[in-house]
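Every value quoted in this text rests on a predicted model; they were computed, and no experiment measured them. Naming: A, B, ... by sequence-line order, numbering from 1 per chain.
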Amino acid sequence: MSWTTVCRLDEILPNAGVAALIDETQVAIFRVDDKVYALANKDPFSNANVLSRGIVGSIQGTLVVASPIYKQHFSLEAGNCLEDDGVSIPCYQARTEGELVQVQVNS
Amino acid sequence: MTDKQRLLIIGNGPVGHQFIESIIESGRGEQFAITVIGEEPRPAYDRVHLTAWFETREAASLNMVKDGFYSDNNITALTHEKVIAIDRAAQIVSTDKGEQYPYDKLILATGSFPFVPPVPGHDRKNCFVYRTIEDLEAITAAAANAKVGAVVGGGLLGLEAAKAIMDLGLKTHVIEFAPRLMAVQVDEGGGALLRRKIEDLGVSVHTQKNTQQIIDGDDCVHKLQFADGAELETDILVFSAGIRPQDALARQCELAVGERGGIVIDNACLTSDPAIYAIGECALWGGRIYGLIAPGWDMARVAADHVLGGVEEKAFTGADMSTKLKLMGVDVASIGDAHATTPDAKCYTFIDEKAEVYKKIVVSSDGQHLLGCVLIGEANDYGTLLQFALNKITLPEQPESMILPSLDGSAGVGLGVDALPDVAQICSCNNVSKGDLCAAVQGGAMTVGDLKACTKAATTCGGCTALVGQVLNAELTKMGVEVNTDLCEHFPYTRQEIFHLVKVGQIKSFAELLEKHGSGHGCEICKPTAASVMASCWNDYILEPKLAGLQDTNDRYLANMQKNGTYSVVPRMAGGEVTPDGLIAVGQVAKKYNLYTKITGGQRVDLFGATLDQLPKIWSELIDAGFESGHAYGKSLRTVKSCVGSTWCRYGVQDSVGKAIDLENRYKGLRSPHKLKMAVSGCTRECAEAQSKDVGVIATEKGWNLYLCGNGGMKPRHADLFASDIDTDTMVKYIDRFLMFYVRTADRLQRTSVWMENLEGGLNYLRKVIIDDSLGICAELEADMANIVDTYQCEWKTTIENPEKVKQFRSFINADKTDKEIVFIQERGQIRPATEAEKIADKDLIAVA
Ligand SMILES: Cc1cc2nc3c(=O)[nH]c(=O)nc-3n(C[C@H](O)[C@H](O)[C@H](O)COP(=O)(O)OP(=O)(O)OC[C@H]3O[C@@H](n4cnc5c(N)ncnc54)[C@H](O)[C@@H]3O)c2cc1C
Ligand code: SF4
Ligand code: SF4
Ligand code: FES
């Protein structure tokens, strides 16, 4: 498994997300303060690739993104859906290396 | 034969009906054979709200008897039948239909009848009284061929009748014998103010007029001649000169009656015959007739309890005659000793001539207790003052503070409901005490609506609603149920409070707001709210780095996200007007990017299926063609719809399209708690459906009628007429103030309709704030709006001119590609998103253009 460099940290607005294409995988990368998190970009409730465009925040201390379609929350650190115990989405390793944002996607 | 006790009720009015309900509610109804005989063609209806008949002109809307009530409870209800004699010895009554009915207990609930002064001519045609639905029907029919109407009597009912006549479109006169209106309830100062307010509505008031005779008129049907030589012509005449108890039957069977009428009753509502009760307006207790509904209902409950064997030992011991009502839109209230007849009583009076408010309190000689009061023009303090008077609560050091307005606009001296004893009567119409309400809350009632349903409080005159709400909140708090109005877990504030924090603290970023007033990282509730509030205050470009992450996805990408993650695009077409070249340009863009094209309900063209990376390209072409952002994505002004108006339409009286374009250009871009819609119609035919909008404007011969707070959608609401025949400048001024006041004070996602309904005082309060500037904030509201108008920018223009911003619209930060999972199917000559099944079948799929 290797790290893929996606972009510079300053290309992601603080407390917001971007989408990246790593091989054929669509990944949503979020920046909270100066830390980064990565989830699958696909919202399992609508099957649309939109999570990177959701609002980032916290619910009872858990960092989350809210799906822009039907507003369910997904944990940035674990990928589980807060409203529906049975649903969870892929969660990827992400880090900053100096200026750069890197993500690890299993393939 | 049955061995049930036979109860016979004569008179099926509100009080007779309450008696029957009380018997049934006791759960022992089956012990009785109940018969009610009424002279009117229908069973009990809500006479208190008789005037509301004009709203629907249907008797059914006033009905007080629940469906199936008579059959479910084996009650015999006879209508259109009049009792003409009572044989007390035989315990039998006879009716005008020749029938006879025996009784064990007889209940007289015959009410009262309007007094018609016996002046010569009083029985001419087109002379009416105002008591039954039939009276109203007759007045309405006569009004169709009449121009002028007059009411004899300037009391409570007379003014109500005058309002009805005015609403029927007649020139209206009120003729009063006394030197002032509502002489019973109101003192001289209050009467003068009331008169002025009523004259402002276009009603002519004639006091100290003693009608001598009524003869043929010269221009109208009648001519009234007064003792002082004056004359008045009118087509319709309504007598409302007081009521007289309907005691004819009691006289016939020789029950004790009062000197000036009324069937004498004791504390159990028994007449001089122990088998006969009298209740309601026909009864005389302690030498008094009670011409109000609440004492009548009290008597009904007492009599029912007595018939049932006195289980609850109820007794009628007189009633409070305090009243609060709205007469011709004017609040009028009077409590207790309004005329200060108590020896050594002291009065405090407050008059605000500008706002046309009159308030007087009558205080005991030691200044400790409230004896009475008169409120005209504004009666918000009625509930509080009534509690002080009824429960003898000690007044504050300065009793005048009870009626003086507080200068900072906050509510005056309130009365903590905690100060009230449990027996304090909160709703006098339905005899509901504070204790009853608390018990209901403990039994699970959580809202005022719940309390209305289970206690009936606040369901009659509504005067107690505010107090009922306060008792509810106090009790819920005591029970530890938090009445939580926080925006979300990150901010312990309402949207309105956040607005103040942002404005007063000059806060321009979410980080600052969170640091100073919140906790955590925020969420999809507080972030867009903060963004909207900051936009309303500072109107900065919404994709500034510090703001972009706060926006809902639609605002963040300046387009409306659809179910497959693509967006729809709406170029602004102010007023729904578009040139052929404009339309062609829009069509060319739609064709080039293969966008699904549809006309919206707000007279716009909506282009669907654009991917994130296409948005800036599409917009640069639209902007080149002269379009600007339509803000369809924002909680902001969406559209001003218009009909074609006087320029083309043969009925139009004003240029509605021009006005719609002006309004749209003025308010475009304004961020608000929810979306806003407006419309302008060119005449009363209302082709633009303005009355279903937050702001609706309808042209009149003289100017514009302004309607506010309507909406379509899930719970449609007709807008209220706010001001009539105003000129354009006044209209714009009012709309400026209205919108800014809404933006400042509404909750998140609260549309104008719900917001207005939740304002204490509703539409009238809104009128006071916006028209009379009662809070003194209008200059500020206008300045705020002027700032928003001046700082408007087309968000799409700003965006495409800035390469850094355009970058944010890439589908992927690291690849120049689009999401290839977005695929379409052809249908009716255009694209639509492919379903999951179609994607799997992988047939005829169309990729993004
Ligand atoms: C326009 C208007 C507005 C009002 N507003 C208010 C208000 O805001 N607040 C308030 O407290 N009160 C108000 N009132 C007064 C209130 O309506 C009365 O207090 C209430 O109706 C009295 O009820 P009742 O049942 O005693 O008498 P009624 O309502 O008069 O009912 C008596 C019934 O008995 C019938 N009847 C009489 N004699 C016979 C007979 N011999 N045989 C058979 N049937 C007979 C009559 O036809 C009538 O239907 C208002 C009244 C009017 C007219
Ligand atoms: S509202 Fe009046 S002016 Fe406008 S289109 Fe309809 S009829 Fe014509
Ligand atoms: S009515 Fe329902 S389906 Fe139609 S646009 Fe509105 S939300 Fe969508
Ligand atoms: S006091 Fe009239 S409804 Fe409560």
Suppose we screen for ring-ring contact (aromatic ring centres under 6.0 Å, His included). Which residues come up paired with B:Trp796, at least two apart in sequence or across chains? B:Trp619, B:Phe809
Can you list every donor-acceptor pair under 3.5 Å that links chain B to chain A?
from     : atom 1 : to      : atom 2 : distance (Å)
B:Glu489 : OE1    : A:Gln60 : N      : 3.3
B:Glu489 : OE1    : A:Gln60 : NE2    : 3.3
B:Glu489 : OE2    : A:Gln60 : N      : 2.7
B:His490 : NE2    : A:Ser58 : O      : 2.7
B:His490 : NE2    : A:Ser58 : OG     : 3.2
B:His521 : N      : A:Ser58 : OG     : 2.9
B:Gly522 : O      : A:Ser58 : N      : 2.8
B:Glu524 : OE1    : A:His73 : NE2    : 2.8
B:Glu524 : OE2    : A:His73 : NE2    : 2.9
B:Lys527 : NZ     : A:Val56 : O      : 2.4
B:Gly565 : O      : A:Arg53 : NH1    : 3.0
B:Tyr567 : OH     : A:Arg53 : NH1    : 2.9
B:Ile813 : N      : A:Ala19 : O      : 2.8
B:Asn814 : OD1    : A:Leu21 : N      : 2.9
B:Asn814 : ND2    : A:Leu21 : O      : 2.9
B:Asp819 : OD1    : A:Gln26 : NE2    : 2.8
B:Asp819 : OD1    : A:Asn49 : ND2    : 3.4
B:Asp819 : OD2    : A:Asn49 : ND2    : 3.0
B:Lys820 : NZ     : A:Glu24 : OE1    : 2.7
B:Glu821 : OE1    : A:Lys42 : NZ     : 2.7
B:Glu821 : OE1    : A:Asn49 : ND2    : 3.3

Rounded at 0.5 Å granularity, tell me how far CZ in B:Phe812 sits from CD1 in A:Ile29. 11.0 Å
With rounding to the nearest 0.5 Å, note down the distance linking SG in B:Cys488 to CD1 in A:Ile59. 8.0 Å
Contacting region of B:Leu612 [heavy-atom separation from chain A under 4.5 Å]: side chain
Please name the pair of heavy atoms, one in B:Gly549 and one in A:Ala16, separated by the smallest distance, quoted to 0.1 Å. CA-CB, 4.2 Å
Please give me the minimum heavy-atom distance between A:Val50 and B:Gly565, naming the atom from each residue. CG1-CA, 3.6 Å
With a 4.5 angstrom heavy-atom cut-off, is it the side chain or the backbone of [X] that approaches chain B, or both, or neither?
{"X": "A:Leu21", "result": "both"}
{"X": "A:Val65", "result": "neither"}
{"X": "A:Val6", "result": "both"}

Sort out for me which of A:Ala19, A:Pro68, A:Ala48, A:Gly61 touches chain B most, counting heavy-atom pairs under 4.5 Å. A:Ala19
